[in-house]
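Please read all numbers here as calculations on a predicted model, not as lab measurements. Hydrogens, waters and symmetry mates play no part in the numbers below; they use all other heavy atoms, side chains included. The residues of the chain are indexed from 1 along the displayed sequence.
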Amino acid sequence: MAESDGGGRRVLEFYSGIGGMRYSLMKAGVNAEVMEAFEINDIANDVYQFNFRHRPYQGNIQCLTATDLDKYAADAWLLSPPCQPYTRQGLQKDTGDARAFSFLQILELIPFLLQPPSMLFVENVVGFETSDTHAKLIEILGKTNFITQEFILSPLQFGIPYSRPRYFCLAKRKPSSFVNEFWNSQLIQSPRPLFEPFDTVANDGDSSQEDRLKLFQSCQPVENFLELKNTGNDIDVESITSMTGLSNDLECDSLDQYYVPSSLVERWGSAMDVVYLDSKRCCCFTKSYYRYVKGTGSLLATVEPEKRDKASLKEQRLRYFTPREVANLHSFPEDFEFPEHISLRQRYALLGNSLSIAVVAPLLNYLFTEPV
């Protein structure tokens, strides 16, 4: 990747996936340039390269040395390490999970860097904050002169009808400091410190039920994020192809591929999260969405029933959200696209492993802003 012209912050992007962190950096509007991205997943790198015209470094991150990283002279490291060691669905092996090793290796290199970054940003699932890996992160950052502010935030708090709470750690190396130092060494569950430079902000972790209801009502309806808004059978093949980016000869050439089979509705209907055009919330889409219907993300009712209940699910013609719609709920820009050779299941899996740009962008803006 080309060298920085010297005007902006130099950034390294670890576990770059399909580019959610880089899009967030762009949306944050900070003067920064990604010097290199690191990602071991070949399919994710195809998507990243298709959209950014640069292919991330695909070697094993565990093989990187302090000398390797010093060569970049990066001002900021952005990291979104594998979440499986900490998820409720996983085995929760924490530091004992092989997928946690590369992140631990990167952290352990920090004390040996001649040119350590002045900023770090870490994203992971809720649950990471109670892990041994988190304890190691905070320990190393403390020993290397970093101050931290930690957040647990969801797109719902930013007007997006999408429940995807995530943990974030923002770290700055002294003498750098945060705009709002009141929140140093604290775990915050409100986005207000990102926008209000005062230390009198209440923590939404203790907000009342009325406050949470107002937050929920402030979200846009699901309909605003849909590409396929028609109900029933009146969507032609051309529409589904252009809106999802799938060619006729690549996938099933009709909308039928998105409808949930009646046999699955019969078997798993009681466990399905069903949303409607006017819904103000849908559940987190996981990498297993489209492979399983239970606990992997919401399904959309394409026919409005007389009564919204589980008994009428068959009448509602449930369908999966398309990959473009899932990308919309993750706040990916309109010009984000998948290469044609990426299969439907791969698209869902890659999006399920991505992040919410609506949440990460203001966090990065806050991290990169220096006090006046």
With distance as the sole test, does K172 use its side chain to make a donor-acceptor pair with the main-chain N or O of I147 at under 3.5 Å? no

Tell me, do I61 and I106 make a side-chain contact under 4.5 Å, heavy atoms counted? yes

Candidates P221, P305, C282 - the one meeting side chain to side chain contact (heavy atoms under 4.5 Å, CB included) with Y276: P305

Below 4.0 angstrom, N of the basic side chain to O of the carboxylate: do R55 and E39 qualify? no

Aromatic centroids of Y258 and F321 separated by under 6.0 Å: no

With distance as the sole test, does S154 use its side chain to make a donor-acceptor pair with the main-chain N or O of Q157 at under 3.5 Å? no

Using the rule given for side chain to side chain donor-acceptor pair (under 3.5 Å), can you reason through Y167 versus E150, listing the C-alpha separation, both sets of side-chain angles and the distance that settles it, and then say yes or no? CA-CA 7 Å; Y167 163 87; E150 300 172 276; 2.5 Å; yes

Salt-bridge criterion met for E33 and R22 (N-O under 4.0 Å): no

From the list P323, S343, S288, side chain to side chain contact (heavy atoms under 4.5 Å, CB included) partner of Y348 resolves to P323

Return yes when atom CZ of R267 has more than 12 non-hydrogen atoms of other residues, nucleotides or ligands closer than 6.0 Å, and no otherwise. no

Exam field: side chain R166 to backbone I152, donor-acceptor pair closer than 3.5 Å: no

Can you establish whether the number of heavy atoms outside K310 located under 6.0 Å from its atom NZ is more than 12? yes

Rounded to the nearest 0.5 Å, how far does CG of L120 lie from CG of L107? 8.0 Å

Is there a donor-acceptor pair closer than 3.5 Å between any side-chain N or O of R164 and the backbone N or O of F285? yes

When you measure from the side chain of E223 to the backbone of D278, do you find a donor-acceptor pair of N or O atoms at a distance under 3.5 Å? no

Closer than 3.5 angstrom, by distance alone: can the side chain of S118 be matched with the main-chain N or O of D75 as a donor-acceptor pair? yes

For F14 and F38, take the angle between the two ring planes, folded into 0 to 90°, and tell me which bin it lands in: parallel under 30, tilted 30 to 60, perpendicular over 60. parallel

Side-chain heavy atoms of T148 within contact of N184, under 4.5 Å: no

Correct closest heavy-atom pair for E370 and S176 would be OE2-OG, 3.8 Å

Would you say D70's side chain and Q115's backbone share a donor-acceptor pair under 3.5 angstrom? yes

When you measure from the side chain of N365 to the backbone of P362, do you find a donor-acceptor pair of N or O atoms at a distance under 3.5 Å? no

Check L313 against G269 and note the closest heavy-atom contact, atom names and distance. CD1-O, 3.5 Å

Could you check whether Q257 and Y320, counting side-chain N and O atoms only, form a donor-acceptor pair closer than 3.5 Å? no

Please round to the nearest 0.5 Å and tell me the distance separating atom CG of L153 and atom CD of E123. 11.0 Å

If you define the side chain from C-beta out and look only at heavy atoms, does anything of L137 sit under 4.5 Å from C169? yes

If you compare all heavy atoms of A171 against all heavy atoms of L367, which two are closest, and at what distance to 0.1 Å? O-CD1, 3.7 Å

Show the nearest heavy-atom pair for residues P191 and F158, with the distance to one decimal. CB-CZ, 3.5 Å

Considering all heavy atoms of both residues, which atom of P56 and which atom of H54 are nearest to each other, and what is their separation? CD-O, 3.6 Å

Under 3.5 Å donor-acceptor, Q49 side chain and D46 backbone: no

Pick one: which of N124, V122, L355, V360 meets side chain to side chain contact (heavy atoms under 4.5 Å, CB included) with F168? V360

When you measure from the centre of the six-membered ring of Y162, is the NZ or CZ of R281 under 6.0 Å away and within 45° of the axis? no

Result of checking P116, P111, P117 against T144 for side chain to side chain contact (heavy atoms under 4.5 Å, CB included): P111

Determine the minimum heavy-atom distance between L170 and F151, stating which atoms define it. CD1-CD1, 4.0 Å

Ring-plane angle category for F52 and Y48, please: parallel below 30°, perpendicular beyond 60°, tilted otherwise. tilted

For N51 and I18, indicate whether the former's side chain and the latter's backbone hold a donor-acceptor pair under 3.5 Å. no

Below 4.5 Å, heavy atoms only, C-beta onward: do L351 and Y289 meet side chain to side chain? no

Verify whether one side chain among Q316 and S312 offers a donor that lies under 3.5 Å from an acceptor in the other. yes

Does a side-chain heavy-atom distance below 4.5 Å link L69 with L12? yes

Steps toward ring pair (Phe, Tyr, Trp, His ring centres under 6.0 Å) verdict (Y290, Y292): CA-CA 6 Å; Y290 196 73; Y292 305 103; over 10 Å; no

Answer yes or no: are there more than 12 heavy-atom neighbours, outside E334 itself, under 6.0 Å from its atom CD? no

Please work out which of the three classes, parallel, tilted or perpendicular, describes the rings of H330 and F332, given edges at 30° and 60°. perpendicular

